[in-house]
Each structure stands twice: as C-alpha cells, then as structure tokens.
Amino acid sequence: MEGRAAARAIDALRRGWPVTVSAADGALRLMAVEGADAVTLAAFDPDGAADILISATRAATLKLTNQRAAADPDQPVMIARTPWIDAGVAMAIADPVRDLGSPMKGPFATAPLPAPLAAAAALRLARLAGILPAFLIAKDEGESEVDVSAAAIDAYDDAGRLAIATRARLPVAAAENAEIVAFRSPEEPREHVALIIGRPDGRPPVVRLHSECLTGDVLESLKCDCGPQLHEALHRIADAPWGILLYLRQEGRGIGLVNKLRAYALQDQGFDTVDANVRLGFAIDARDFSVAARMLKLLGVGEVRLLTNNPQKVAGLEAAGIAVAERLPIILPANPHNERYLATKRDRTGHQL
Ligand SMILES: Nc1nc2c(ncn2[C@@H]2O[C@H](COP(=O)(O)OP(=O)(O)OP(=O)(O)O)[C@@H](O)[C@H]2O)c(=O)[nH]1
Ligand SMILES: [Zn+2]
C-alpha cells in the first residue's frame, strides 16, 4: 500500500495535482512548481498565498544562504509568496537553467518552514518523479486526494520487492548465446534487465552495471562515454567465460532524463557535471546500487568481477552484500566533447581513469 501512495503522488505531481506529504513533524499540502500553470495554480491556491519550497543549494544560488538554518545547511528553504510571484516567476525561481534568461529575480524573503522533515521528504519525492525540487506549499493543510508519508517515499525504490518477471533467449551482436532477464517490482514502473552471456563456469562472472543513458546509448551522444562503454562491456563479457550486463533504469545517475538534460543545459553555461547536479538541487550521484545487488542475488550470483572505473560502484555493491572479487577497468579514448566530462569524473568523483 505504501508503494502505491508514492506512485500516486509521483503521478499527481507530474500532472500538477495537489499532494500532501507527511512526516513526523507534520504535513505539507503542496504542488510541484513544474506542474503549475495559471489553471492548476488557481485551483490549488485561489488566494495566491502559497509559499515556495526550494532546495538549500537553490537558495544559495538565489543568495538566500544567510537565511538557511544554521543547524542544518541542507535543510530546504521556504520563499515567502508575494503578489508578483505567479506560475512563471515560480518556475524561474525553481529552474537554474533559466537564470541567464531572467537574472533579475527577487528580492525574495524567506518564510518559516513549518515541517522540515516533510519538506525534505518532498524534495526526495521530486527526484523520484524526475521533476525540479521545488514546490508551492499551501498555507492550510486542507485536503488532498493523494497523501504520501516520508516512509512511503523512502520505500519507493527499495529493491526488496524486485522479482524476475520473465526471461528469453536474445542473440545480440556481441554474443549469439545471450539470455535476457526482465525484473519488475510492484511499486515501480521502470523495468530493469540483465543480459546473461555464456554459461556459469564456477568462477565469478564478469559484470557491468550500466545506468541508462538515452542520449548516449541510443543517440550515440558524444557528451559522455556511455554508448562506447556499453558496447565495450558487452564485448568484454562475450570474451569472458561468462558474464552479466545489468541495464539499470537510473537515467542521469538517478535524476531522470529531463533533469539530466537540464544539467546538460547548465553544462552549456559552463558548469561541470558535478556542479550542474548540485545546482539543480540533487546529489552528485543519486543512484542506489542495491537494485543491482538484488538482481544479481535473484540470478544466484554472490560474487562478481566488476567492469568499472568507479570505486563507489564497488563499495555500493559490497555494502549490499555482493562480493567484488576484482575490479576490471573499462577505459576508452576521449573525444573533444567528453574530455571535460571524463576529467571531472577523474578529478571530482574519484573515477580511476
Ligand atoms: N546527471 C547527469 N548524469 C549524467 C551525465 N552524463 C552522464 N550521465 C549519466 O551517468 C550514468 C552513466 O554512469 P555509468 O557509466 O554507469 O557509471 P560511472 O559512474 O560513470 O562509472 P563507470 O562504471 O566507471 O562507467 C548514466 O545514467 C548517464 O545518463 C551528466 O552530465 N549529468
Ligand atoms: Zn551517457
């Protein structure tokens, strides 16, 4: 039931419908700034009284840093509503990509945050919904059709209920003897898959955790290294006695396609991949590799030889109970478009390149 509440809340936010998020310290009736237009906003907030909740990093960009809670610098910040803040201004407050186009924002004043835990849960829900972490918060608690608790939000992408849905033979260019296994959880619509190549030979399989990248995997984007890494991984696995490629639906390191493309727009303005994520109000890497661990366990695999340059993937898998017998680097030549991205991975996120 909890998972259902989070799924309904995600759906409602994306449609501009109200949601009540509750936590130990209270409840907030809110709507996504991204879902607000003149009509949905008037329905939610006829008096124009709703304040605006933003992330701590967004508050810093908007020069509201001195108003952040000293005890918790990551605590979300509430902007007091003024008559000139309409849906368009709210979106300019929320979206850092628009900063160059509308630099003269404010002055803004902050308002007290009635339920900091509920506010923080709402920002976590934004990531799951793939929307900007910014909400209009109603003055009264009122009634929403959709209620979601902080616990339900945190349980949403818990891999615990992931199960094998089906499997089939899938000859691919890298290997004719491959089998695809699809995984589903009752809560989450995104289906992860594993491609198993070869037969177990008693040794740990060569495994690649590949996070979805629509632009790199499908469109052969030159901005990142995902497409070539995917192909290299498939061939390396095909050359091994056996191995598994996990295709994880964690687009944009877990922030979703639209937010990743917002990060790209910020990169066009000069920010690197790390700063772009932070500026949007997200973690540098929002992925949870316990999903991958659960998939491996369901396939009967407890130990792997992991194709990665990212020590955090090794640590994430091991923390989730999968032994990493060996880390196998996967290093490919840079191109002029992804040179800076790769350098940032090396210098700022600890990739061993
Ligand atoms: N947010 C964000 N995500 C990006 C960006 N560039 C690529 N990605 C995402 O990063 C993920 C690719 O990461 P991986 O190649 O799986 O992992 P990694 O952390 O680079 O580690 P390796 O295993 O060494 O490749 C995909 O989900 C991409 O969509 C970016 O600039 N911003
Ligand atoms: Zn990519």
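FYI, side chains are in, hydrogens and waters are out, and symmetry mates aren't considered; it's all heavy atoms of this structure. Counting starts at 1 for both ligands and their atoms, in listed order.
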field: Partners passing side chain to side chain donor-acceptor pair (under 3.5 Å) against Arg262 (at least two apart in sequence or in another chain)
entry: Glu34, Asn259
Contacts of Ala323 that satisfy side-chain contact (heavy atoms from CB on, under 4.5 Å) - sequence neighbours left out: Glu303
Below 3.5 Å only, please: the N or O atoms of ligand 1 paired with protein N or O atoms, distance on each line.
| residue | atom | partner | partner atom | Å |
| --- | --- | --- | --- | --- |
| ligand 1 | 1 (N) | Gly252 | O | 3.2 |
| ligand 1 | 1 (N) | Asn277 | OD1 | 2.9 |
| ligand 1 | 6 (N) | Tyr341 | OH | 3.3 |
| ligand 1 | 13 (O) | Arg287 | NH1 | 3.3 |
| ligand 1 | 15 (O) | Arg208 | NH2 | 3.4 |
| ligand 1 | 15 (O) | Gln229 | OE1 | 3.1 |
| ligand 1 | 16 (O) | Ser211 | N | 3.4 |
| ligand 1 | 16 (O) | Arg287 | NH1 | 3.2 |
| ligand 1 | 16 (O) | Lys313 | NZ | 3.0 |
| ligand 1 | 17 (O) | Arg287 | NH1 | 3.4 |
| ligand 1 | 17 (O) | Lys313 | NZ | 3.1 |
| ligand 1 | 19 (O) | Arg287 | NH2 | 2.8 |
| ligand 1 | 19 (O) | Asn310 | ND2 | 2.8 |
| ligand 1 | 19 (O) | His351 | NE2 | 3.0 |
| ligand 1 | 20 (O) | Lys345 | NZ | 2.4 |
| ligand 1 | 20 (O) | His351 | NE2 | 3.3 |
| ligand 1 | 21 (O) | His351 | NE2 | 3.2 |
| ligand 1 | 23 (O) | Arg208 | NH1 | 2.6 |
| ligand 1 | 23 (O) | Thr308 | OG1 | 2.5 |
| ligand 1 | 23 (O) | Lys313 | NZ | 2.8 |
| ligand 1 | 24 (O) | Thr308 | OG1 | 3.3 |
| ligand 1 | 24 (O) | Asn309 | N | 2.9 |
| ligand 1 | 24 (O) | Asn310 | N | 3.4 |
| ligand 1 | 25 (O) | Arg208 | NH2 | 2.9 |
| ligand 1 | 25 (O) | Gln229 | OE1 | 2.9 |
| ligand 1 | 25 (O) | Gln229 | NE2 | 3.1 |
| ligand 1 | 27 (O) | Glu212 | O | 2.8 |
| ligand 1 | 27 (O) | Gln250 | O | 3.1 |
| ligand 1 | 27 (O) | Gly252 | N | 3.2 |
| ligand 1 | 27 (O) | Arg253 | N | 3.3 |
| ligand 1 | 29 (O) | Glu212 | O | 3.2 |
| ligand 1 | 29 (O) | Glu251 | OE2 | 3.1 |
| ligand 1 | 29 (O) | Gly252 | N | 3.0 |
| ligand 1 | 29 (O) | Lys260 | NZ | 3.4 |
| ligand 1 | 31 (O) | Gln267 | NE2 | 2.8 |
| ligand 1 | 31 (O) | Thr273 | OG1 | 2.9 |
| ligand 1 | 32 (N) | Thr273 | OG1 | 3.4 |

message: If you round to 10 degrees, what value do you get for the angle at the Zn ion (ligand 2) between Cys224 atom SG and Cys226 atom SG?
response: 110°
task: Please check if the side chain of Lys313 supplies one atom and the backbone of Thr308 the other of a donor-acceptor pair under 3.5 Å.
output: no
message: Once side chain to side chain donor-acceptor pair (under 3.5 Å) is applied, what residue pairs with a partner in residues 292-302 remain, sequence neighbours excluded?
response: none
message: Please determine whether a side-chain nitrogen of the Lys or Arg among Asp95 and Arg98 lies less than 4.0 Å from a carboxylate oxygen of the Asp or Glu.
response: yes
query: If you draw the axis of the six-membered ring of Tyr264, does the NZ or CZ of Lys223 fall within 45° of it and under 6.0 Å from the ring centre?
result: yes
